Novice: 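A single structure is presented below for examination.
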Amino acid sequence: MPELPEVETTRRGIAPHILGKKVSGVVVRERSLRWPVPSRLPSFLKDSTVRAVNRRAKYLLVETDTGTLMIHLGMSGSLRIVGADQALRKHDHVDIAFAGGSILRYHDPRRFGSMHWITGDVASHPLLCDLGPEPLAGEFSSDYLVALSRKRKAPVKTFIMDSHVVVGVGNIYANEALFRAGIRPAKEAGKISAEKYALLVDAIKEILAQAIEVGGTTLRDFLGSDGEPGYFKQSLAVYGRGGEPCITCGTPLKEIRLGQRSTVYCGRCQR
DNA sequence: ATGCGGACCTGTTAGC
DNA sequence: TGCTAACAGGTCCGCA
């Protein structure tokens, strides 16, 4: 589920329920996520108090007074706030219980997600220190993309999905942003004009910001049984629509694979 | 340095 | 209807 808007929605959904709360206990039922969950995580977290819930790229950073829990949701992870009486589902791998009775429950069928415990400087963690800028930050600009892309031969879609270039642009939004900007996904990153990159940057920012807003409408659901963020409802112009007519010109959308990811575009509107 | 393919997993869907 | 294969929203790593 999680692209950046879903991670941000999750952050906003869980933050009010855990800020200022003290951890009363941690249960790890399945350690083998993408990287092993630290075996001492329960002792690290026990009795520490949540001071902030931040996000860097698609990592959630639960900052406590003794260290930071870094969570990635991978392809299929989700976090929900549940009561102590909430029945366990399959793939509920980790519970973090707080004084007062609420539980932050991590669920992840494919186990591509991860949990790390960080003490010291969070930004210098190996998984964070080489990341590109946040897409919604001012430093992510057409000037930046132009400068970085010269001499790059990779397809522009692959380029903007590279977390060293910019974080948080997953497969769905890469497809959608390239459609909005009128850029063919397979075109060499280094051959895209500054004008086109300006359109692309605007498209990425707009789409992500919109998706976060839409996700925001489902925040209340984080307390209930339905933790599904709302991006499915969002109208997608190309993703998942291969062979169907382009919403602009009616031409059937093409579907190809780039870097083993499904890529959909309009051969007429995107050049 | 860059770019590509493989790897990690389970659940759902498409196709025979 | 039932079995099998292909595919799915991420991203790190190793190799060319």
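Here is the naming used below: chain letters follow the sequence lines, and residue numbers restart at 1 for every chain. Source: prediction; values computed, not measured.
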Novice: Using side-chain heavy atoms (C-beta onward) and a distance below 4.5 Å, is A/L178 in contact with A/Q270?
Specialist: yes
Novice: Whether A/Y59 contacts C/dC12 is assessed here as follows: a side-chain N or O lying under 4.0 Å from the phosphate OP1 or OP2. Is that the case?
Specialist: yes
Novice: Using a heavy-atom cut-off of 4.0 Å across all strands, would you classify A/F159 as base, sugar-phosphate, or nothing?
Specialist: nothing
Novice: Report yes if at least one side-chain N or O of A/R34 is closer than 4.0 Å to OP1 or OP2 of C/dC13; otherwise report no.
Specialist: no
Novice: Has the side chain of A/R111 got a donor or acceptor that lies under 3.5 Å from a partner of the other kind on the base of B/dC9?
Specialist: no
Novice: Within the distance-only criterion (no hydrogens, no angle test), does the side chain of A/K205 pair as donor or acceptor with the backbone N or O of A/A137 below 3.5 angstrom?
Specialist: yes
Novice: Given C/dT11, is OP1 or OP2 found less than 4.0 Å from the side-chain N or O atoms of A/K58?
Specialist: yes
Novice: Are A/R180 and A/D202 ion-paired here, with the side-chain N under 4.0 Å from a carboxylate O?
Specialist: no
Novice: So which one's nearest nucleotide on DNA chain B is more toward 5', A/K151 or A/K90?
Specialist: A/K151
Novice: Quick one: is B/dG3 close enough that its OP1 or OP2 comes under 4.0 Å of any side-chain N or O from A/R152?
Specialist: yes
Novice: Just call it for A/R257: base, sugar-phosphate, or nothing, with non-hydrogen atoms closer than 4.0 Å on any strand.
Specialist: sugar-phosphate
Novice: Output yes when A/R55 and A/E134 qualify as a salt bridge under the 4.0 Å nitrogen-oxygen rule, no when they do not.
Specialist: yes
Novice: Does a nitrogen or oxygen in the side chain of A/H91 sit under 4.0 Å from OP1 or OP2 of B/dG11?
Specialist: yes
Novice: So what's B/dC9 paired with, Watson-Crick or G-U wobble, going by both distances under 3.5 Å?
Specialist: none
Novice: Checking all strands, does A/L127 fall into the base, sugar-phosphate, or nothing category for heavy-atom contacts under 4.0 angstrom?
Specialist: sugar-phosphate
Novice: Could you tell me how far B/dG5 sits from C/dC7 if I compare only their P atoms? Round to whole Å.
Specialist: 15 Å
Novice: According to a strict under-4.0 Å criterion, is A/S262 in side-chain N/O contact with OP1 or OP2 of C/dC7?
Specialist: no
Novice: Strictly below 4.0 Å: does A/H72 bring a side-chain N or O up to OP1 or OP2 of C/dG10?
Specialist: no
